[in-house]
Protein chains: 2
Amino acid sequence: MILLEGWAARAKDLPSGQRQFAEIHLPGDFTDLHSFTLKRLDHDVVSITPCLFAIVPHERLKAMTEKLPHLTRVYWFLTSLDAAIHREWALSLGRRSAISRMAHLFCELLVRLEIVGMTDGNSYEFPLTQVEVGESLGLTSVHVNRTLQELRRLKLIEVDNRRVRILDVEALKGAAQFDPTYLYLEKRDR
Amino acid sequence: MILLEGWAARAKDLPSGQRQFAEIHLPGDFTDLHSFTLKRLDHDVVSITPCLFAIVPHERLKAMTEKLPHLTRVYWFLTSLDAAIHREWALSLGRRSAISRMAHLFCELLVRLEIVGMTDGNSYEFPLTQVEVGESLGLTSVHVNRTLQELRRLKLIEVDNRRVRILDVEALKGAAQFDPTYLYLEKRDR
DNA sequence: CGAGCGGTTGAAACACCTCAACATTAGTGG
DNA sequence: CCACTAATGTTGAGGTGTTTCAACCGCTCG
């Protein structure tokens, strides 16, 4: 499934009902390309907003691997990029503070939304609830609320009505220790 | 590089020097197969013990994608499996307690070491230092030490001299909320 | 024999969570 | 269009899991 419109996420659940996102999907993302090789997914793909998907049958992908090695490598690259994002998130979850993790999420989304032309300067639509931000960052929604206030107090971002405005990109990147090389922008630009 | 002997890990660093592992590599693992599509890695591959590697040149992999679509899909599957492990680790880091995370790590290693015949019943060599366990679990080495003592106190594991013995596998899996489906054992058995 | 690494311990600090209440916004049916 | 309800966001107080810092121990290795 290729996400054409809307936001989605890769979510894993614990028996207790706790949920953790491993990646947020934006328009243009192939949300479950890895299911071609895995056959079955180890996680859910959940919609954050209403979504529109294009469906690519696995038989078509199999035919691609038989006849189009170059395209196969490009698609393989896409799944490797998802893994790179998972690793960066693991770094966030394991080693960054709540405020740094949140700053990092806003930086990643700014860069990725710019690629697909969904930003307006340093501002973008941000449809996640605070519960969902918590599920991305491994925090409770209560702490998300307070951390968000802290980012506002530091004049790094403004949030109102499902929209984020980044007031000081460099300072936000600094707070996040954000290094976008894990997004492999150079390969996408080609 | 295919790891033939020894243990290694995928590590990411923060400018502060803090380090987080995203996966532990055991003999048989293709430690950097994703570099074939990414060209450059977003992380380090670090050795935990002295290691022996086999080298596969990227030209050979490219030739594989041109002529051996089935093998290409198998190798693609291997990189998707790494991503599945990253996701499970993200779930651990975001939502599991220290003791549950540690129990989960020991469960994962038991299953993966069994596959390559490196277990002796429910016991296996475990060469990680407590600092490295902390880098896997997003904890300080001090807390690793205390959590390890707690697992011992609960009679779930014994640790001595670089070797782990799991005393109660079912109880350990319960503490970890361990569900091995993310390791895709059924695909490896074929 | 000395140095360094890995492991262990205690005390204090703190980041984040829990629980509970309440405010605000959005959605739905009448 | 209003009334009702549910979902989302906000706040306070208190608790707890994990970190920090510092000291010390035992082992290995040069």
Side-chain angles (χ1 to χ4, degrees), chain A residues 7 9 14 16-21 46-50 91-105 125-154 157-164 175-177, chain B residues 7 9 14 16-21 46-50 91-105 125-154 157-164 175-177:
Chain A
W7 291 41
L14 246 25
S16 62
Q18 296 206 95
R19 168 184 277 189
Q20 178 65 43
F21 289 173
V46 302
S47 65
I48 290 169
T49 69
L91 175 61
S92 269
L93 292 165
R95 296 302 189 195
R96 283 191 249 254
S97 65
I99 195 164
S100 179
R101 256 180 268 178
M102 188 175 290
H104 196 276
L105 177 66
E125 293 285 333
F126 183 72
L128 299 224
T129 65
Q130 294 186 357
V131 170
E132 289 163 338
V133 174
E135 289 167 339
S136 303
L137 304 180
L139 301 171
T140 61
S141 66
V142 171
H143 201 60
V144 166
N145 185 288
R146 290 174 174 140
T147 307
L148 219 38
Q149 290 179 42
E150 180 69 7
L151 280 178
R152 271 192 292 244
R153 201 186 58 72
L154 293 170
I157 65 166
E158 268 176 2
V159 190
D160 59 317
N161 198 37
R162 308 273 110 140
R163 174 165 276 273
V164 175
Q177 298 183 290
Chain B
W7 290 43
L14 245 25
S16 62
Q18 295 206 94
R19 167 184 277 189
Q20 177 65 44
F21 290 172
V46 301
S47 65
I48 290 170
T49 68
L91 175 61
S92 268
L93 291 164
R95 295 302 190 195
R96 283 191 250 254
S97 65
I99 194 165
S100 180
R101 257 181 266 180
M102 187 174 291
H104 196 278
L105 177 66
E125 292 286 334
F126 183 73
L128 299 225
T129 65
Q130 293 186 357
V131 170
E132 288 163 339
V133 174
E135 288 168 340
S136 303
L137 303 180
L139 300 172
T140 60
S141 65
V142 171
H143 201 59
V144 166
N145 185 288
R146 290 173 175 141
T147 307
L148 220 37
Q149 290 179 43
E150 180 69 7
L151 281 178
R152 272 193 290 245
R153 200 187 59 72
L154 293 170
I157 65 167
E158 269 176 4
V159 190
D160 59 318
N161 198 37
R162 309 273 111 143
R163 174 166 275 275
V164 176
Q177 299 182 288

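All values below were derived from every heavy atom in this structure, side-chain atoms included, with hydrogens, water molecules and symmetry-related copies excluded.
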Notebook entry, point to check: Atom CG in A:Leu148, atom CD1 in A:Ile99: separation rounded to 0.5 Å?
Noted result: 10.0 Å

Next item on the list: Using a 4.0 Å cut-off on protein heavy atoms (strictly under), produce a 5'-to-3' string for nucleotides 7-26 of chain C with B for base contact, S for backbone-only sugar-phosphate contact, and - for none.
Entry: SBBBB----BBBB------S

Notebook entry, point to check: With sequence neighbours excluded, what pairs up with A:Arg162 under the salt bridge (Lys or Arg N to Asp or Glu O under 4.0 Å) test?
Noted result: none

Margin query: How many whole angstroms separate atom CG of B:Leu137 from atom P of D:dG17?
Written below: 17 Å

Check: Can you tell me how far OG of B:Ser92 sits from CD of B:Gln177, rounded to the nearest 0.5 angstrom?
Finding: 9.5 Å

Next item on the list: Quantify the bending of the helix from C:dC1-D:dG30 to C:dG30-D:dC1 as the angle between its end axes, each fitted on five pairs, to 10°.
Entry: 50°

Check: What residues, two or more places apart in sequence or in another chain, satisfy salt bridge (Lys or Arg N to Asp or Glu O under 4.0 Å) together with A:Arg19?
Finding: A:Asp13

Note to self: So A:Leu139 and A:Arg101, do their side chains get closer than 4.5 Å, heavy atoms only?
What the structure shows: yes

Note to self: Please find the pair of heavy atoms, one from A:Leu93 and one from A:Ser136, that lie closest to each other, and give the distance.
What the structure shows: CD2-O, 4.1 Å

Pull out every protein N or O sitting under 3.5 Å from an N or O of nucleotides 23-29 of chain D, one pair per line with the distance.
none

Checklist line | Qualifying salt bridge (charged side-chain N to carboxylate O under 4.0 Å, His left out) pairs with a residue from residues 144-154 of chain A, counting only residues at least two apart or across chains | finding: A:Glu150-A:Arg153

Check: Where the side chain of A:Thr49 meets the backbone of A:Trp7, is there a donor-acceptor pair that is under 3.5 Å apart?
Finding: yes

Checklist line | Flag side-chain contact, heavy atom, 4.5 Å: B:Leu137 against B:Phe21 | finding: no

Item checked: Distance (rounded to the nearest 0.5 Å) between B:Leu128 CG and B:Ile48 CD1 -> 4.5 Å

Margin query: Just the rounded figure in Å: distance from P of D:dG17 to CD of B:Glu150.
Written below: 10 Å

